[in-house]
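These notes are about the structure you will find just below.
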Amino acid sequence: MTDQTLHTLQLTPEVERITQALLQPDQPHRLTDEEALTLMREAPVALLGTLAVARKRAVSGPNVYYNRNIHIEPTNICVFKCRFCSYRRSAGEPDAWYYSLDDVERLAAERVGEPITEVHIVGGVHPKHDLEYYCEMIRRVKRVLPHVVVKAYTAVELHYIITKAGLTLEEGLKRLQEAGMGAIPGGGAEIFAPEIREQICPEKPTAEEWLATHEAAHRLGISTNCTILYGHIEQYEHRIDHLHRLRELQDRTHGFDAFIPLKYRNRHNSMSAIGEVSLPEDMKMMAISRLYLDNIPHIKAYWPMLGISATELALSFGADDIDGTIDDTTKIYSMAGAEEQRPRLTTERMEQLVRSAGFEPVERDTYYHAVVRDTL
Ligand code: V47
Ligand code: SF4
């Protein structure tokens, strides 16, 4: 970006100073919390996009990743009652669902012969399940789909069942790893700051418990993702505090593969009176995530939550991953009012989306290795 371009954007002196620091070619500048807050409050969103794409290109070049995946959501019955959740039900409610281990195995078996590389399993925290049930579910999926990576259970589910089993986090995770768990998704982080967490999900494991679960996984060599749920009652300070805690853990463990900013969707939950934030606000969050989290290699625009057009736009704000084909196997976002009521994308459509944003699509596995397919 030339000085002239910067000038046309009419930046405040502090934004201009931070911009110059971020644009130094040879010394990547680590944003302080104060600088990140200044950018969120004062920087034009177009500037954030330019800076974030420059950072993304330095990290992953022209590549934008996607994978072939399905989700399995074994139940929406949950012991917790997060106020933003449109998905949970109590046992006995008409639209509560629950899959037995046989049901889960049958869902996996329906995919035999398909080119998927990942099965993502998350659900409500069912009061009756124990650690052995969670292990057996993974074994059954791996038995019928031995080549897939099972990315399973949020830190919320994991913390609950492992603690209930009377084990340390490391002991419990080791059992799941032995059963075939290959990675852990990023859900359940929400907002770490206690004054917000207590209002939106008071019963859930605390920030410290969520972070300790991921840290234990990283010690065992299990890669994990991380998320934020933004755009409800939190302030910018809470978002930066959240990113700060993730960056600090990542400095110590290097176990996070991807960060996923999750936009709060407001239908059919007890926080529905709160509006949803605007598209520029989503793009600002994407760009700040890329710029602040300088030690997390991938920033994911999760299309079932953002919608397809916003996902394409997010690639101009630093995202380098659009998640997967999904094939209509997740309900968390459709139940919360997301545009995609039956989320499913072909690989051709995903590649087209990436190319029209000016990047190179790369099919990846869970660990961001490129998947090379035999086309014969
Ligand atoms: O933790 C629930 C969120 C998360 C709402 O790791 C909501 O690759 C918005 O974490 N509005 C679970 N969000 C999903 C998740 C995830 C998704 C995709 C990929 C990965 C990954 C992880 O869904 C929950 C919560 O933050 N959520 N309700 C809502 N109304
Ligand atoms: Fe349960 Fe997860 Fe919904 Fe919270 S977000 S109520 S833990 S299903």
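Note that ligands are numbered from 1 as they come in the structure, with each ligand's atoms numbered from 1 the same way.
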Original post:
Salt bridge or not for R30 and E35, using N-O below 4.0 Å?
Top reply: no

Subject >> Lys/Arg-Asp/Glu bridge criterion (N-O < 4.0 Å) met for D241, R245 >> reply: yes

Original post:
For ligand 1, which part of M305 has a heavy atom less than 4.0 Å away: the side chain, the backbone, both, or neither?
Top reply: neither

Could you list the atoms of ligand 1 found under 4.0 angstrom from a heavy atom of [X]?
X    : value
N225 : 6 (O), 8 (O), 21 (C)
K151 : 6 (O), 8 (O), 21 (C)
H120 : 19 (C), 20 (C), 21 (C), 22 (C)
P185 : 6 (O)
Y264 : 9 (C), 11 (N)

**OP:** Among residues two or more places apart or on two chains, list those pairs meeting salt bridge (charged side-chain N to carboxylate O under 4.0 Å, His left out) that have a residue in residues 305-326.
**Re:** R290-D320, K300-D323, D321-R364

Which of these, [options], has its nearest heavy atom closest to [atom]?
atom                    : options                : value
atom 13 (N) of ligand 1 : T154, L229, L262, V156 : L229
atom 5 (C) of ligand 1  : F84, W303, Y87         : F84
atom 21 (C) of ligand 1 : I260, N269, D257       : I260

Subject >> For E190, the option from R239, K204, R197 that meets salt bridge (charged side-chain N to carboxylate O under 4.0 Å, His left out) >> reply: K204

Subject >> For S289 against F259, the heavy-atom pair lying closest together >> reply: OG-CE2, 3.2 Å

Indicate yes or no: does an N/O atom of [X] lie under 3.5 Å from an N/O atom of ligand 1?
X    : result
E190 : yes
C85  : no
Y302 : no
K204 : no
A189 : no
T227 : no

Original post:
Looking at ligand 1, does R267 have a heavy atom less than 4.0 Å from it?
Top reply: no

Original post:
Would you say K300 touches ligand 1, if touching means a heavy atom closer than 4.0 Å?
Top reply: yes

Donor-acceptor contacts, no H, no angles, side chain residues 171-181, under 3.5 Å, sequence neighbours left out:
| residue | atom | partner | partner atom | Å |
| --- | --- | --- | --- | --- |
| E171 | OE1 | T168 | N | 2.9 |
| E171 | OE1 | T168 | OG1 | 3.4 |
| Q177 | NE2 | L220 | O | 3.1 |

Is it the case that [X] and [Y] place a side-chain donor and acceptor less than 3.5 Å from each other?
X    : Y    : answer
E42  : T12  : yes
H238 : E195 : yes
N269 : Y87  : no

**OP:** On the 0 to 90° scale, with breaks at 30° and 60°, tag the H298-Y368 ring pair as parallel, tilted or perpendicular.
**Re:** parallel

**OP:** Give the intermediate values and the outcome of ring-ring contact (aromatic ring centres under 6.0 Å, His included) for residues H129 and Y160.
**Re:** CA-CA 10 Å; H129 292 158; Y160 182 85; over 10 Å; no

**OP:** Show the numbers, then the answer: is there a side-chain hydrogen bond (donor to acceptor under 3.5 Å, both in side chains) between Y230 and D282?
**Re:** CA-CA 9 Å; Y230 71 91; D282 293 327; 2.7 Å; yes

**OP:** Name all residues meeting the side-chain contact (heavy atoms from CB on, under 4.5 Å) criterion together with R349; count only those two or more places apart in sequence or in a different chain, and write none if there are none.
**Re:** I308, L345, T346, Q352, L353

Subject >> Every N, O or S from the protein that is nearer than 2.8 Å to atom 4 (Fe) of ligand 2 >> reply: C82 SG

Original post:
Any donor-acceptor pair under 3.5 Å linking the side chain of R89 with the backbone of N76?
Top reply: no

